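These numbers come from a predicted model, not from an experiment. Lettering of chains follows the sequences in order, A, B, ..., and the numbering in each one begins at 1.
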Amino acid sequence: MFFAAIGILIGIIVGLILPYTYSVTYSLYISVAILACLDSVFGGVRANLEGKFDLKIFLSGFFGNSILAAILAYIGDRLGVPLYYAAIFTFGGRLFENFASIRRLLINRKSEKSD
Amino acid sequence: MKINRTNLVVFGLSVMLGIIIAVQFKQKVPEMIPVTLKSIETTKNEINALYKEIEELKIMIKDKEEKIEMYESILDGNENLSSVLKEELRKNKTIAGFETIKGPGIMVKMTDNMDENAFGQAFDMDLIHDTDVLRIINDLRIAGAEAISINNQRVLSFSEIKCGGPIIRINGRSIGTPIYIRAIGDPQVLSAAINAPNTYGYALKNISQINIETSMEDEIIIPAYNGVFQFRYAKPVREGD
């Protein structure tokens, strides 16, 4: 949890300082990929808190999900069907689920400590 | 929290994710507006208009090239300069309306309503007015008339059509009924401009009971403007002035 939050913050600062940008045409695919990545990180944090973290699952999910989401968005663009909605709904829903689990775990842990 | 491999990997990937998010923030993503059928139609029309413009420019280029060729042949001595200039003068005179011209077209004959039963209550509704003639002429021009005359008076850009009581004044001369309007152009289109339902000519004929007869002719002769016209106030604007 701590590492993930600090990592994202540092990443954002570094990214804002770095002068690199990519073509605007890819921005839709990248945004969907970002959503998938965020979901993976939240899932990783949750698994970590639950004590069932598996590095292989985390890594494969992080890259696999984002690439799949980007490809889905691309195919949707070609076909004229907004397929990236599938990625948005799936990962967006899971993002909130994961966050809810993290909240419960943290709050339960705190209340156990204070008891 | 200990620093172990797992946490380092999560940290590393989070940094990567952060960088991507930041770069995405920096992008100026253009606002996507859904394309409506109407906007497609508008764009299509714009494209067609541009194509038309290109065509016109091409014709213009061809015209200029021909002119250059002509000048070159004058330089070579193949053509006489004065004959070329005479030809040009003739052309310009024709365009300006100072040349008698002929061609296919229609003749419109208009006479007042001579019936005992007057249309409406005011008797002047049975007469042909200057505005009637003006509107008929405008309809003919919309239909592509190249030259128009009224009772052998050439209608030019500076010709007035004015009410003079029972008569109409045009080019400073008075004309009375019957009024003969001659126009050179596509005879069928011109005839349709007068006779087709919902045109002004149709309304005049069927509502005001003005007698309008049209006849398509293979050869209509339209006389030259026979007055003297000079610009007193207007001066041409040349490049460099």
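Interface residues of residues 89-96 of chain A toward chain B, defined by a heavy-atom distance below 4.5 Å: none. Contact residues of residues 55-64 of chain A toward chain B are A:Leu55, A:Phe58, A:Leu59, A:Phe62, A:Phe63 (heavy-atom distance under 4.5 Å).
Using a 4.5 Å heavy-atom threshold, the side chains of B:Ile128 and B:Leu204 count as separate. A 4.5 Å side-chain heavy-atom check between B:Val155 and B:Ile170 finds at least one atom pair inside the cut-off. Under the 4.5 Å side-chain criterion, counting only non-hydrogen atoms from C-beta, B:Ile212 is not in contact with B:Tyr202.
For the residue pair A:Tyr84/A:Asp77, the side-chain donor-acceptor check at 3.5 Å is not satisfied. Looking only at atom types and distance, the side chain of B:Asn195 has a donor-acceptor partner in the side chain of B:Thr214 under 3.5 Å away. In this model, a donor atom of one side chain and an acceptor atom of the other lie less than 3.5 Å apart for B:Ser215 and B:Glu217.
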When the side chains of residues 5-15 of chain A are checked against the rest of the protein, which donor-acceptor pairs come out under 3.5 Å, sequence neighbours left out?
none

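Nearest heavy-atom pair, B:Ala183 versus B:Ile222, reported as atom, atom and distance to 0.1 Å: CA-CD1, 4.1 Å.
Here B:Glu87 pairs with nothing under the side-chain hydrogen bond (donor to acceptor under 3.5 Å, both in side chains) rule; sequence neighbours left out.
Note on B:Ile21, B:Val9, B:Ile19: by heavy-atom pairs under 4.5 Å with chain A, the leading option is B:Ile19.
Expressed to the nearest 0.5 Å, how far CD1 of A:Ile34 lies from CG of A:Asp39 amounts to 13.5 Å.
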